[in-house]
There are 2 protein chains.
Amino acid sequence: MPKLDASLIAGLPPFEGLEKDELEQVLAPARSLRFEREKPIFEQEAEAHLFFVLLDGHVRVVRTTTEGQQVIVRYISEGEVFGIAAALGRTTYPAAAIAAVDCVVLAWPSALWPELSTRFPALGANTYRTVGSRLQEAHTRVVEMSTEQVEQRVAHALLRLVRQTGRKTGEGIEIDFPITRQDIAEMTGATLHTVSRLMSAWEGEGIVTSGRKRVTVSDPHRLMLKAESREKR
Amino acid sequence: MPKLDASLIAGLPPFEGLEKDELEQVLAPARSLRFEREKPIFEQEAEAHLFFVLLDGHVRVVRTTTEGQQVIVRYISEGEVFGIAAALGRTTYPAAAIAAVDCVVLAWPSALWPELSTRFPALGANTYRTVGSRLQEAHTRVVEMSTEQVEQRVAHALLRLVRQTGRKTGEGIEIDFPITRQDIAEMTGATLHTVSRLMSAWEGEGIVTSGRKRVTVSDPHRLMLKAESREKR
DNA sequence: CACTCACTTTGCGCGAGCGCAAATTCTCTG
DNA sequence: CAGAGAATTTGCGCTCGCGCAAAGTGAGTG
């Protein structure tokens, strides 16, 4: 087990408000793990033995229905906790987590959560704050799915990705990991065909530039207009 | 302030695992409040000064979009906590809560949450377990909205309501509070017209009996078939 | 460097379910 | 108990976006 570099980790949101020695105590029982691109970090319905903080990379969280249809629940970015079923009283993971690119994670045994969260209340508070915003985000998605057209939903999804993981380039803000039309479809409840058509149209209008597994938003402002205009019902 | 009857409250899920004297300490700073049918318990975006346990009645949790469209996030039943924004590090309520019928609630000042949850870990664990299942449920709804037809979604919604709040009658299991076609539409992302058509069809098939603000499921098994058959995509 | 496979684009037809409108029925209130 | 308003039902046309199909375009590999 490599010695973890506390100084790089100290600034991450889950550990905010922890003293230096507290952080070391928190990190002591953690292992650092690597996952290659497209490799599963955990599977849906598996025993939730570990919980994680993502140190580097991007992770896709996917739910699969009994009929085999996949839905992307969210993407995890650097510095976020995930797989925290144990903190929410679950014994299994409700979704799978897959490394979207090569990833480095910290992993703790779930059994340690009760002790860690009581010994280090700041850790618990930070984690539950994250849970709160995820619950709110999930409800936001329900509302979007209920009230918006596909075009609006796709625009919102892209804007969210850009905000979360955007990286500035010459042509605009690029989504920082490989993402297919199919992926965007699975985030928005559309088909890859419809997503492809929308992207083509937006490309023509100069709002996005995109290629194989790559999306760059060159005009976020006009994309926001697409996201907001024309409600239904 | 009336003296609270601890014996009636002891069995509720949020208080499971608390000793008798602990329960009394938890209840001490709580106030009991009454709300008439259709009166708001709190408004969306309001300061989250209180958190609640529902002692009697049913509460509708509603999000309103900037365009004024309403979506029913969930219904709260007896014995559930709600309005727990503070436990999730939020300062405002992300949705409104409205009494679906005359209600009795227990209310605590949000400021007490940190103290209560650390002094009584069981209370914290029970609450976060609830949060966990709500997060999962929200994701389930996202998946349903992404992959199912309106008919399946409405069937699922009714089955969920029946499981949560069903009350046996001569004709089947009745949803225990007034609920309109419009309400069901706002839970499923459909229009009241489509919901009405579905209910009429199902009534014809002998699956449900319904009237004004009233729904009884007489054949849950066949409704489950409606909920599961024919996936799309 | 060619081959293959995954990803993407585009066309076309169709159907689920919305939007609008109007009639009907039930409940509550004065 | 009559009137009014809320909730429900039903009809009809239309559109968004899916389903299916087929062609095109990279990118990685042996």
Side-chain angles (χ1 to χ4, degrees), chain A residues 36-38 67 69-72 100-102 144-155 157-158 175 177-205 208-216 226 229-233, chain B residues 36-38 67 69-72 100-102 144-155 157-158 175 177-205 208-216 226 229-233:
Chain A
E36 282 173 34
R37 190 161 174 273
E38 294 304 316
E67 286 87 17
Q69 306 183 69
Q70 300 200 331
V71 174
I72 297 181
V101 294
D102 290 350
E144 281 181 9
M145 302 278 303
S146 300
T147 62
E148 293 177 355
Q149 308 277 85
V150 168
E151 182 174 33
Q152 278 74 50
R153 299 208 302 270
V154 173
L158 288 188
I175 294 170
F177 52 85
I179 184 166
T180 66
R181 306 288 182 269
Q182 177 70 40
D183 290 335
I184 298 173
E186 286 178 12
M187 298 180 68
T188 54
T191 58
L192 81 162
H193 307 278
T194 302
V195 171
S196 179
R197 273 178 254 268
L198 284 170
M199 301 289 288
S200 298
W202 291 344
E203 186 125 24
E205 297 179 46
V208 304
T209 320
S210 75
R212 201 185 172 76
K213 294 193 175 190
R214 194 184 57 75
V215 177
T216 305
K226 297 278 182 197
S229 63
R230 210 169 73 250
E231 76 277 14
K232 79 172 175 184
R233 246 157 282 167
Chain B
E36 283 172 33
R37 188 162 175 273
E38 294 303 317
E67 286 86 18
Q69 307 182 67
Q70 300 200 331
V71 174
I72 297 182
V101 295
D102 290 351
E144 282 181 10
M145 303 276 305
S146 300
T147 63
E148 292 177 357
Q149 307 277 87
V150 167
E151 182 174 34
Q152 278 73 51
R153 300 207 301 268
V154 173
L158 288 188
I175 294 170
F177 52 85
I179 184 165
T180 66
R181 306 289 183 267
Q182 176 72 41
D183 290 334
I184 298 173
E186 286 178 11
M187 299 180 67
T188 54
T191 58
L192 80 161
H193 307 277
T194 302
V195 172
S196 178
R197 273 179 255 268
L198 284 171
M199 301 288 288
S200 298
W202 291 344
E203 186 126 23
E205 297 178 46
V208 303
T209 321
S210 74
R212 204 187 171 75
K213 294 193 174 189
R214 194 184 56 75
V215 177
T216 305
K226 296 279 182 196
S229 62
R230 209 170 74 247
E231 74 276 15
K232 78 172 174 183
R233 247 157 280 167

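From a predicted model like this one, the values you see are computed outputs, not experimental measurements. In what follows, chains are A, B, ... by sequence order, proteins preceding strands, each numbered from 1. Only this structure's heavy atoms are used, side chains among them; waters, hydrogens and symmetry mates stay out.
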*Would you find a donor on one side and an acceptor on the other, under 3.5 Å apart, between the side chain of S200(A) and the backbone of S196(A)?*
yes

*Of G211(A) and V195(B), whose closest DNA chain C nucleotide lies nearer the 5' terminus?*
G211(A)

*Within this structure, what is the CD-to-C1' distance between E203(B) and dT9(D), rounded to whole angstrom?*
12 Å

*Write down the atom of V195(B), the atom of A190(B), and the distance for their closest heavy-atom approach.*
CG2-CB, 4.2 Å

*Can you find an N or O donor on one side and an acceptor on the other, under 3.5 Å apart, linking the side chain of R197(B) with the base of dG11(D)?*
yes

*In whole angstroms, how far is the P atom of dT9(D) from the CD atom of Q182(B)?*
13 Å

*Minimum-distance nucleotide (side-chain atoms of R212(B) versus dC18(C), dA6(D), dT10(D))*: dA6(D)

*asked:* Taking the minimum atom-to-atom distance to the side chain of S210(A), which one of dC18(C), dC7(C), dT9(C) wins?
replied: dT9(C)

*asked:* Nearest to the H193(A) side chain among dA7(D), dA21(D), dG11(C), which nucleotide is it?
replied: dA21(D)

*Less than 4.5 Å apart, any side-chain heavy atom of E144(B) and any of Q152(B)?*
no

_Please report the distance, rounded to the nearest Å, between CE in M199(A) and P in dC7(C)._
15 Å

*M145(A) CE - dG17(C) C1' separation (whole Å)*: 15 Å

*Could you state the NZ-P distance from K213(A) to dG28(D), rounded to the nearest angstrom?*
9 Å

*For the helix from dC1(C)-dG30(D) to dG30(C)-dC1(D), how many degrees between its two end axes (five pairs per end), to the nearest 10°?*
40°

_Is T180(B) close enough to dA6(D) that one of its side-chain N or O atoms is under 4.0 Å from OP1 or OP2 there?_
no

*Does T191(A) make a side-chain N or O approach to OP1 or OP2 of dC18(D) shorter than 4.0 Å?*
yes

*State the CD-NZ distance between Q149(B) and K226(B), to the nearest 0.5 angstrom.*
13.0 Å

*Flag for R181(A)-S210(A): side-chain donor and acceptor within less than 3.5 Å*: yes

*Mapping T194(A) and T194(B) to their closest nucleotides on DNA chain C, which lands nearer the 5' end?*
T194(A)

*Between P of dT9(D) and CH2 of W202(B), the distance in whole Å*: 13 Å

*Output the distance between atom CD1 (I184(A)) and atom CG (L198(A)), rounded to the nearest 0.5 Å.*
10.0 Å

_Pairwise side-chain contact, P178(A) with R37(A), heavy-atom cut-off 4.5 Å (strictly under)_ = yes

_Residue R181(B), side-chain heavy atoms: nucleotide from dG17(C), dT8(D), dT25(D) that is nearest_ = dT8(D)

*asked:* Nearest to the side chain of V150(A), heavy atoms from C-beta on, is which of dG19(D), dA6(D), dG17(D)?
replied: dG17(D)

*So, do E151(A) and W202(A) sit near enough that their side-chain heavy atoms are less than 4.5 Å apart?*
yes

*asked:* As a test of reading the structure: which of dA16(C), dG17(D), dC7(C) is closest to the side chain of Q149(B), going by heavy atoms?
replied: dA16(C)

*S200(A) side-chain proximity, nearest of dT9(C), dG17(C), dG17(D)*: dT9(C)

*Interatomic distance, E38(B) CD vs dA6(D) C1' [rounded to whole Å]*: 12 Å

*Of the candidate nucleotides dC18(C), dT9(D), dC7(C), which contains the atom at the shortest distance from the side chain of S196(B)?*
dT9(D)

*In whole Å, what is the span from the CD atom of E151(A) to the P atom of dT15(D)?*
17 Å

